Amino acid sequence: MSITDVPVTEVTLADLPEATQGAILFSPAPSLDVPEPQPIFQRMLEEHPRLRWEGGIAFFRMEDVVEGGRNPAITSEMELAFNLMGSREALIPLHVHGTEHRAYRKLLDPLLTPRKMAPLESDVRALADSLIDEFIQDGRVELHDQFAVPLPSQMFLRLFGLPIEDAPLLNGFKDRILKNTEPDPEVRAQVSVAAGDEMRAYLATKIAEREREGTPRDDLLGACMSYEVEGKRLTNDEIMNIAHLFVIAGLDTVTASLSCIIGWLARHPDEQARLRADPSLVPSAIEELMRWENPVLTSGGRFALADTEVNGVPVKAGDFVTLCWSTANLDPGAFDDPGIVDLERAGNRHVAFAAGMHRCLGSHLARLELRTAVDQFHRRVGRYWITEGDQPHYNHAGVRAAEHLPISFEGR
Ligand code: HEM
């Protein structure tokens, strides 16, 4: 069936299964808090690839999410979207659009290019090693707290230029912003904004400290503070709205992805053994497990500024628009055998880092961290599995993570 023939199902939100409501609104859905949510996403894709509900429209197929992500009339410049990220104002560049968005991306993209990230590999490996040293004698580890949280947090804070000893404080703000599971979106937004206010007060003191120093430091925050557009420095509000987004994006998503990837490999011993035997497969394996695990479920709150269309489907001004990355990554129209995890999959054009204008700015850092951390973990711990008598706990609120991941290992 050509994409233009795919029907649009008309529904009332409350009549949909909880998981579909969660996907549409980017809100908690306990039925997704399981190690293998993929069959639920496959069902969504089969049952209603395009869905119109009373508040807007949701797209589940790859061709539609890619097209929707590119459409300049569909924006995330929306108060509820700011609030759910703990902010009262638009975060940069996620909540700005058009020429303004392009201008910010032009400034920020060069900070995190593959060429800039490559030399960090030895730092990531050394950090992974020092974390593994802490538990290698024990034969077991709570992998989320002892590896998946500290590794990306410490790397990111070093790069961004915030004190590493503040990681627990910043992770606390980030968890209250992104992981609060209040069912009512308005209440959830209030809790997020209260935590965001505290985080911004912290960031304001760090920005003020640097202003007093005069000379910009050689880190990402220093770069943002020294940027000029048409001869004018970014304002403190702009710097704050960039820093706020970078901190929550930098601290949350790699932790979530790393925990999901190691969780999957712990449950699939043959694939794990293949990767350990041939580390050259790690890069393609990471891409495939990002496609499969896809930690960021959907675009976090978009709406149509004007009447428009996506692959021929009318979208009305004011519609809440959902682009579901998790289902698109399982679309048989985009992948051969999407229900099979193939660690050597070629031409893997997944959308785990989104698609279109708001495509992830930190993907090269994330990939470097994931590849290096998984490789070093395999080199050091040998065969590993989920600890008997203990169960992993997955949380799918906003970003999917194995928040409790008990791993036992042989050691080498
Ligand atoms: C595996 C880890 C990561 C995943 C899965 C991920 C995923 C995503 C996704 C899906 C989006 C689009 C959000 C939307 O559509 O509303 C996004 C945007 C973004 N990400 Fe990431 N991300 C990751 C790591 C990072 C890191 C480490 C950073 C920062 C250092 C970062 C910074 C950003 C920024 C700034 C945007 C907004 C881009 C824009 O609006 O133009 N991300 N990311």
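Just follow the structure's listing: the first ligand is 1, and inside any ligand the first atom is 1. Owing to the predicted nature of the structure, the values given are computational and were not obtained by experimental measurement.
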Which pairs of nitrogen or oxygen atoms, taken one from ligand 1 and one from the protein, are under 3.5 angstrom apart?
residue, atom, partner, partner atom, Å
ligand 1, 15 (O), Arg302, NH2, 2.5
ligand 1, 16 (O), Gly300, N, 3.3
ligand 1, 40 (O), Leu94, N, 3.4
ligand 1, 40 (O), His358, ND1, 2.6
ligand 1, 41 (O), His101, NE2, 2.8
ligand 1, 41 (O), Arg105, NH1, 2.7

Check: Any luck finding a side-chain donor-acceptor pair between Asp278 and Ser280 under 3.5 Å?
Finding: yes
Check: In terms of ring plane angle, is the pair Phe353 and His350 parallel, tilted or perpendicular, where the classes change at 30° and 60°?
Finding: tilted
Notebook entry, point to check: Do the ring planes of Phe82 and His95 sit parallel (below 30°), tilted (30 to 60°) or perpendicular (above 60°)?
Noted result: tilted
Note to self: Between Glu18 and Ser31, do the side chains contain a donor N or O and an acceptor N or O under 3.5 Å apart?
What the structure shows: yes
Distance-only check: which donor-acceptor pairs under 3.5 Å involve side-chain atoms of residues 96-104, not counting sequence neighbours?
residue, atom, partner, partner atom, Å
His97, ND1, Glu77, OE1, 2.7
His101, NE2, His358, ND1, 3.4
Tyr104, OH, Glu238, OE2, 2.5

Check: Where does the angle between the aromatic ring planes of Tyr384 and Phe377 fall among parallel (under 30°), tilted (30 to 60°) and perpendicular (over 60°)?
Finding: perpendicular
